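Notes for the one structure printed next.
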Amino acid sequence: MEYDQYNPNVMKGLLTIGLTGDVMIGRTLDGIIEERGYDFPWGNVLSLMNGTDLNLINLETTLTYSVNEVHKTFNFKAAPDKVKSLLNANISIVNLANNHILDYGEEGLLETITTLASAGIKFIGAGNNISEALAPVIVDRDSIKLGVLGLTDNEPGWKATSRPGTNYLDISDKRERAVILNSIEELRKKCDVLIVSIHWGPNMQKEPPSGFITFAHDMINCGASVIHGHSAHIFQGIECFNNGIVLYDTGDFVDDYAVDPELRNDLSAFFILRVSTSGIVDLEFIPIAISGYQVNQAVGADRAWVIQHMMKLSSVFGTKVDEKCKIGVNASILQSGA
């Protein structure tokens, strides 16, 4: 691996990708951002986010003026101008395959898509029809081709058809799994690194069910490099499997949610993935804490809790996590020789 002649710490031919869990800048946060500015939600994590080449998040809200909310327990929306918060945090790609993107019906989804597209932010996992919902994003930067695919097992009634909706998948359905696995195989032919961003499972689940583990393994065997999971609102363990890495759940990143004092959904991480044309180079994480409608780097006992909990959860999969928040990636995964 060559180094930049002006900065010996920067490797050439390397793409640095930030990964987060749920980003919910709607509801209360919409007003908070109005009062305190577009950068407010990101706290002192903002500099980290602007230090990557691009960031991929799960956008857990609509960006719409619609008042036609669907009947459900929680409906999230932010005014479309809050897309500037995403831009200021170097968020390049958002997953829309989740259980909130149609909180304001098709109108809310389509306005969100239009808002993102106008801002130059790419989206995956939802669209005007099934073809758009299935469509991946391919980013070509510094000669590295990154493919990203979005899907969810939440809200089956929101599945895109000839009408707008999400890339919904019933994980228990063999035929539906086969469609996704085929999509992964075809996409991998067009890119060096492939991330599958998937919103799966119920809230506050500490560990992935066995069916999710099997499906994650299948996706990697078909060509996925990284499984970017989210939905539980708490982070789960990390697994290094064959030629890929599974982040079973990346937890929450910023929101206005009530905090469970035991499960600590206010604590998670900003994951930093580095890849080359040959695959994964390394993975690390920065512990974060959500408080007062803002995400900041976790310190003291909170930081220690995130690290220890990540170690414990990941050890189940044989993955080593050190005190410096580095993931012990299997030698077979390190394709770059870095």
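Keep in mind the model is a prediction, meaning the values are calculated, not measured.
A distance of 6.0 Å or more separates the ring centres of W158 and Y168.
Annotation: side-chain hydrogen bond (donor to acceptor under 3.5 Å, both in side chains) contacts involving residues 132-141, sequence neighbours excluded, comprise N128-E132. Evaluation of the ring-ring contact (aromatic ring centres under 6.0 Å, His included) test over residues 99-141, restricted to residues two or more places apart or in two chains, returns F76-H100. Pairs engaging residues 315-324 under the side-chain hydrogen bond (donor to acceptor under 3.5 Å, both in side chains) rule: Q308-E323 [sequence neighbours left out]. Residue pairs that meet the ring-ring contact (aromatic ring centres under 6.0 Å, His included) test with at least one member in residues 47-71, sequence neighbours left out, do not exist here. Residue pairs satisfying the ring-ring contact (aromatic ring centres under 6.0 Å, His included) criterion with at least one member in residues 19-44, sequence neighbours excluded, are absent.
The structure places CG of L63 at 11.0 Å from OG1 of T114, a figure rounded to the nearest 0.5 Å. For the atom pair OG of S197 and CG of N167, the computed distance is 11.0 Å after rounding to the nearest 0.5 Å. The line from CG of L273 to CD1 of I195 is 5.5 Å long, rounded to the nearest 0.5 Å. For the atom pair CD1 (I220) and CG (L181), the distance works out to 11.5 Å, reported to the nearest 0.5 Å. Remark: I184 CD1 to K189 NZ distance equals 13.0 Å, nearest 0.5 Å. Note: L29 CG to Q294 CD = 10.0 Å, rounded to the nearest 0.5 Å.
Residue L134 is not grouped with residue I101 when hydrophobic side chains (ILVMFWY) are merged at heavy-atom distances under 4.5 angstrom, including chains of intermediate members. Taking hydrophobic clusters as Ile, Leu, Val, Met, Phe, Trp and Tyr residues chained together by side-chain heavy-atom distances below 4.5 Å, I234 does not share a cluster with L313. Under the 4.5 Å side-chain heavy-atom criterion for grouping Ile, Leu, Val, Met, Phe, Trp and Tyr, L149 is not connected to L116 through any hydrophobic cluster. Criterion: ILVMFWY side-chain heavy atoms under 4.5 Å apart, direct or through other members. Under it, I286 and L54 are not part of a common hydrophobic cluster. M24 and I288 fall into different hydrophobic clusters, where Ile, Leu, Val, Met, Phe, Trp and Tyr residues are linked whenever their side-chain heavy atoms come under 4.5 Å apart, directly or through other members.
Note on E69 versus K77: no salt bridge recorded, every NZ/NE/NH1/NH2 to OD/OE distance being 4.0 Å or above. Between D302 and R264 there is a salt bridge, since a side-chain N of the basic residue sits under 4.0 Å from a carboxylate O of the acidic one.
For H199 (side chain) and N95 (main-chain N/O), no donor-acceptor pair under 3.5 Å exists by modelled atom type. N129 places no side-chain N or O within donor-acceptor distance of the main-chain N or O of R163, the cut-off being under 3.5 Å. Under the 3.5 Å distance criterion, the side-chain polar atoms of D256 are left unmatched by any main-chain donor or acceptor of Y293. Formation of a donor-acceptor pair under 3.5 Å by the D103 side chain with backbone atoms of T61 is not found in this model. Using modelled atom types, one side-chain atom of R188 and one backbone atom of D192 make a donor-acceptor pair closer than 3.5 Å. Between the side chain of D142 and the main chain of I144, no donor-acceptor pair closer than 3.5 Å is present. In this structure, the side chain of N58 does not engage the main chain of L96 through any donor-acceptor pair within 3.5 Å. Between the side chain of T250 and the backbone N or O of G229, at least one donor-acceptor pair lies under 3.5 Å. With hydrogens and angles ignored, the 3.5 Å screen pairs no side-chain donor or acceptor of K145 with any backbone N or O of L194. Using modelled atom types, one side-chain atom of Q236 and one backbone atom of Q205 make a donor-acceptor pair closer than 3.5 Å.
T62 has its side chain out of reach of E111: every pair of non-hydrogen atoms, C-beta onward, lies at least 4.5 Å apart. At a threshold of 4.5 Å between non-hydrogen side-chain atoms, the residues I307 and C325 count as touching. With a 4.5 Å cut-off on side-chain heavy atoms, I280 and I245 count as touching. Put simply, the side chain of L14 reaches to within 4.5 Å of the side chain of V281, judged on heavy atoms. With contacts defined as side-chain heavy-atom distances shorter than 4.5 Å, the pair L169/D173 does not qualify. Residues D255 and D22 have side chains not in contact (no heavy-atom distance under 4.5 Å, counting atoms from C-beta outward). F285 has its side chain out of reach of F270: every pair of non-hydrogen atoms, C-beta onward, lies at least 4.5 Å apart. The side-chain heavy atoms of Y248 and W200, taken from C-beta on, include a pair separated by under 4.5 Å.
The minimum heavy-atom distance linking E176 with D170 is given by the pair OE1-N, 2.7 Å. Taking every heavy atom of both residues into account, S66 and E107 meet most closely at OG-OE1, 3.2 Å. In terms of heavy atoms, P287 sits closest to R303 at CG-CG, 3.9 Å. Taking both residues in full, the closest heavy atoms of A119 and V83 are given as CB-CG2, 3.8 Å, listed atom of the first, atom of the second, then distance. Counting all heavy atoms, side chain and backbone alike, D153 lies closest to G201 at OD1-N, 3.0 Å. Between I93 and I121, the shortest heavy-atom contact is N-CG2, 4.4 Å.
Taking the six-membered ring for Trp and thresholds of 30 and 60 degrees, W305 and F235 have ring planes more than 60 degrees apart, a perpendicular arrangement.
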Exercise. Hey, mind stepping through I57 and L86 against side-chain contact (heavy atoms from CB on, under 4.5 Å) and telling me if it holds?
Worked result: CA-CA 10 Å; I57 68 165; L86 304 182; 4.1 Å; yes

For this session: Show your reasoning for whether side-chain contact (heavy atoms from CB on, under 4.5 Å) applies to V196 and V226.
Result: CA-CA 6 Å; V196 177; V226 177; over 6 Å; no

Exercise. Going through the distances and angles, do L109 and T64 end up as a side-chain contact (heavy atoms from CB on, under 4.5 Å)?
Worked result: CA-CA 8 Å; L109 166 61; T64 182; over 6 Å; no

Exercise. Step by step, would you call L247 with I238 a side-chain contact (heavy atoms from CB on, under 4.5 Å)?
Worked result: CA-CA 5 Å; L247 306 175; I238 297 170; 3.5 Å; yes

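Around NZ of K190, the count of heavy atoms belonging to other residues, nucleotides or ligands within 6.0 Å does not exceed 12.
The closest side-chain donor-acceptor pair between N55 and T52 falls under 3.5 angstrom. Side-chain contact, N98 with N154: no donor N or O sits under 3.5 Å from an acceptor N or O. Between N88 and D39, the side chains place a donor N or O and an acceptor N or O closer than 3.5 Å (distance only, hydrogens not considered).
Shown here are the side chain to side chain contact (heavy atoms under 4.5 Å, CB included) partners of N203, two or more places apart in sequence or in another chain: H233.
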